[in-house]
Amino acid sequence: MSDQVFLGEMRQVLDEVYRDRDSAAVRDVYARASAHVHLTADRLALLNEIPEDGYTREEMAEAIDQVIMRRGAQDTLGLLQSPNP
């Protein structure tokens, strides 16, 4: 899966999860993401590395980006948020 497909799918997942709420648990994001056919098991595994807690949309995107960076996959997957200058 190309990085743009992954990023687009994850942004759509976050939009869906946070449409009607300010905070959501990782399990809510995982449940929604698992319904997206283009998000493979290895991509969903990124969410398993995020501590279970309540997150705002911005906090969740940041947490996903941190996992991607810890794995050193930012060059292949990209990041949901632009790095701070």
Side-chain angles (χ1 to χ4, degrees):
M1 167 187 314
S2 77
D3 57 344
Q4 292 304 312
V5 172
F6 167 73
L7 293 176
E9 287 286 311
M10 282 308 300
R11 286 184 182 115
Q12 183 178 349
V13 166
L14 295 178
D15 288 345
E16 292 169 7
V17 169
Y18 291 97
R19 180 176 303 137
D20 298 323
R21 58 178 124 170
D22 294 328
S23 181
V26 175
R27 68 181 169 272
D28 298 324
V29 175
Y30 190 95
R32 181 65 69 161
S34 64
H36 282 251
V37 70
H38 295 292
L39 291 175
T40 59
D42 62 322
R43 301 298 189 247
L44 290 173
L46 294 169
L47 299 173
N48 292 332
E49 297 182 36
I50 299 171
E52 188 62 45
D53 201 355
Y55 295 86
T56 65
R57 186 187 192 290
E58 184 177 299
E59 290 168 339
M60 183 62 70
E62 183 178 327
I64 293 168
D65 283 349
Q66 288 174 355
V67 171
I68 291 169
M69 288 186 290
R70 264 198 315 273
R71 288 182 168 199
Q74 63 271 19
D75 291 338
T76 56
L77 292 180
L79 297 171
L80 291 169
Q81 300 178 327
S82 298
N84 292 332

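Looking at heavy atoms from C-beta onward, Phe6 lies out of side-chain contact with Thr40 at the 4.5 angstrom threshold. For the pair His36/Glu16, a side-chain contact is recorded, criterion being any heavy-atom separation below 4.5 Å from C-beta on. Proximity of Asp65 to Glu62: side-chain heavy atoms (C-beta onward) are nowhere separated by under 4.5 Å. Put simply, the side chain of Leu46 does not reach to within 4.5 Å of the side chain of Met10, judged on heavy atoms. Taking 4.5 Å as the limit, some side-chain heavy atom of Tyr55 sits within range of a side-chain heavy atom of Ile50. Leu7 places none of its side-chain heavy atoms less than 4.5 Å from the side chain of Leu77. At a threshold of 4.5 Å between non-hydrogen side-chain atoms, the residues Met60 and Leu80 do not count as touching.
Of all heavy-atom pairs between Glu52 and Val26, the closest is OE2-N, 3.4 Å. Across every non-hydrogen atom of Leu14 and Ala61, the tightest pair is CD1-CB, 4.1 Å.
Of the charged side-chain nitrogens involved, at least one lies within less than 4.0 Å of a carboxylate oxygen, so that Arg71 and Glu49 count as a salt-bridged pair.
Rounded to the nearest 0.5 angstrom, Arg11 CZ and Gln81 CD are separated by 9.0 Å. Interatomic distance, Leu39 CG to Tyr30 OH, rounded to the nearest 0.5 Å: 10.5 Å. If you take CD1 on Ile68 and OG1 on Thr76, they are separated by 8.5 Å, rounding to the nearest 0.5 Å.
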- Task: Verify side-chain contact (heavy atoms from CB on, under 4.5 Å) between Ile64 and Leu47, making sure each step is shown before the conclusion.
- Result: CA-CA 7 Å; Ile64 293 168; Leu47 299 173; 3.8 Å; yes
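The number of heavy atoms from other shown groups lying within 6.0 Å of CD (Glu59) is above 12. Annotation for Asp42: atom CG counts as buried by contact number, over 12 foreign heavy atoms lying within 6.0 Å.
Every residue was checked against the salt bridge (charged side-chain N to carboxylate O under 4.0 Å, His left out) condition with Arg19, not counting sequence neighbours, and none meets it.
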